[in-house]
Protein chains: 2
Amino acid sequence: MSATAALQIALRPQTVCRGAGAPRRDELGALDRLGTVASLRREQPLFHEADPAEFYFKVVTGAIRSCKLLADGRRHVGEFFMPGDFIGLDAETNYMFTAEAVTDATVVRYSRRRVDALAWQEPGIGRSLLKIACHRLSSAQQQMVLLSRKTAEERIASFILGLADRNGATDRISLPMTRTDIGDHLGLTMETVSRALTQLKKDGVIELTSSHELVILDRDMLADLADAA
Amino acid sequence: MSATAALQIALRPQTVCRGAGAPRRDELGALDRLGTVASLRREQPLFHEADPAEFYFKVVTGAIRSCKLLADGRRHVGEFFMPGDFIGLDAETNYMFTAEAVTDATVVRYSRRRVDALAWQEPGIGRSLLKIACHRLSSAQQQMVLLSRKTAEERIASFILGLADRNGATDRISLPMTRTDIGDHLGLTMETVSRALTQLKKDGVIELTSSHELVILDRDMLADLADAA
DNA sequence: CGCGCGCTTGACTAACTTCAAAGATGGTGG
DNA sequence: CCACCATCTTTGAAGTTAGTCAAGCGCGCG
């Protein structure tokens, strides 16, 4: 616990009295000195579902996906984690999903024990974590509407817009994941994903510059298709 | 802020130094003196999506559902809140869904401003909120697997087991919501819900004692159907 | 250059939805 | 207390969307 106390002291100047309105990225920047960097090859697992949750992670480069499997092998991809995204918050004591690298990736690894101890003593840290959790919860609720009620084309349109929002202002979107990954994320098959993308291309809404990159040609049309829920 | 300080003092003996392993119900019991009780008639809204989020709520009696609508009226029911459940945590500044009474209900209403101020100063409160948020996130992830990959019968089986887990040890399950509510929660139509329930009855897995109550006859079979994801 | 994996496309199928109608349920007023 | 009516639920038949199965294409890597 003395180590924790030392960390608390070291971090206090940066974490106390922060406003509550800042974006979620980098609000935990003060934790960086607690983290160690790790590299992953494409398809390499970061952790498995049900493993004891020893670490939080933050993506630095590349992309990570979270997966859950049913007994017969049906797969669901819960989320694609991009640079800046925080992983592992939802774990109580064990991870709730498997995390695997979509592409070669680097992550920062934080001891949960230490971060949690810090959160216990520093309301600023705790509130940042809560804020991340609430934001993830909102996203999950949006995704449930998508999975529950949207058509294949609407799902793809929503997915592309979601990527666009995270990619910054550009209309050139990178799709590091496979069609199967996208399908497993949207509750569709690879084939249906492919057909929907082709249809959006035919309709002049997007351009497929390669199988892993597209350009948004008509964002308004895309938003209409996605249905501003 | 002096009011907050007074509250903090009043609550401190009950909120500081709590262990982290307790169940989520009642860990916020210390907040009860901050809350006021409100009653709702069946179908009455508690708040609407996009309203400014002034309050947290906790269900005391009855059931509340959260709804989101697409532009053309398609509906998704995110969650059924039962007695003890906490509502509104995911709201950043505005509610992310509409909340309506499924049955006549009573809730306790807490000022978000006050609770948040308290959470800022009392790590114990903040951690309880974080814990609730993480638990909800886990549930949301489970629900996304269901919506993404499970068949109609699997969805119904999972739903019944979920209710059973919350209802305590009994195998007699109350279904206060309509078939349409269940369908909108599981990404199915009313008719499909009805057919799946009938099928489970024919298979001897459940008994339908009335249209709003059922009894689990074979919990193992139900768990197999739900697919231990 | 060729090989392998992932993507696209086509034809067919299955699961769920839609449309329709009849059967329960429960709440209300006579 | 009972009958009626609105609403919810069940069931049937036809339609639609997305899934499955299968074949061919193309990009990227060795």
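Every chain is numbered from 1, with letters handed out A, B, ... down the list of sequences. Note that this is a predicted model, so its numbers are computed, not measured.
Distance B/M190 CE to C/dA22 C1': 13 Å, rounded to the nearest Å. Across the protein-nucleic acid pair, B/L208 atom CG and C/dG23 atom P stand 19 Å apart, rounded to whole Å. The nearest whole Å value for the distance from the CD atom in B/E43 to the P atom in D/dT7 is 11 Å. Between B/R149 atom CZ and C/dA15 atom C1' there is a gap of 14 Å when expressed in whole angstrom units. For the pair B/L146 CG and C/dC16 P, the interatomic distance rounds to 12 Å; values are reported in whole Å.
Ring centroids of A/F47 and A/F55 are separated by 6.0 Å or more, keeping the two rings apart. Ring centroids of B/Y95 and B/H48 are separated by 6.0 Å or more, keeping the two rings apart.
The nucleotide whose nearest atom lies closest to any side-chain atom of B/E191 is, among D/dT9, C/dC7, C/dC19, C/dC19.
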Residues B/L225, B/L200; criterion side-chain contact (heavy atoms from CB on, under 4.5 Å); working and verdict: CA-CA 10 Å; B/L225 283 172; B/L200 290 176; 3.5 Å; yes

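Counting non-hydrogen atoms under 4.0 angstrom, B/T192 reaches a base of the nucleic acid. Looking at heavy-atom distances under 4.0 Å, B/L197 makes no contact with the nucleic acid at all. Note on B/T151: only backbone sugar-phosphate atoms sit closer than 4.0 angstrom, heavy atoms only; bases stay farther off. Nucleic acid contact for B/G187: sugar-phosphate only, since backbone atoms but no base atoms lie under 4.0 Å from a heavy atom of the residue.
Taking only side-chain nitrogens and oxygens, B/H212 never comes nearer than 4.0 Å to OP1 or OP2 of C/dG26. Proximity of A/T198 to the phosphate of C/dT9: a side-chain N or O atom is located under 4.0 Å from OP1 or OP2. The side chain of B/S194 places no N or O atom within less than 4.0 Å of a non-bridging phosphate oxygen (OP1 or OP2) of D/dT9.
The number of heavy atoms from other shown groups lying within 6.0 Å of CZ (B/R219) is above 12.
For the helix from C/dC1-D/dG30 to C/dG30-D/dC1, the axis fitted to the five pairs at one end and the axis fitted to the five pairs at the other end meet at an angle of 40° (nearest 10 degrees).
Rounded to the nearest 0.5 Å, atoms CZ (A/F86) and CD1 (A/I132) are 5.5 Å apart.
At a cut-off of 3.5 angstrom, counting only N and O atoms as typed in the model, there is a donor on one side and an acceptor on the other between the side-chain of A/R195 and the base of D/dT20.
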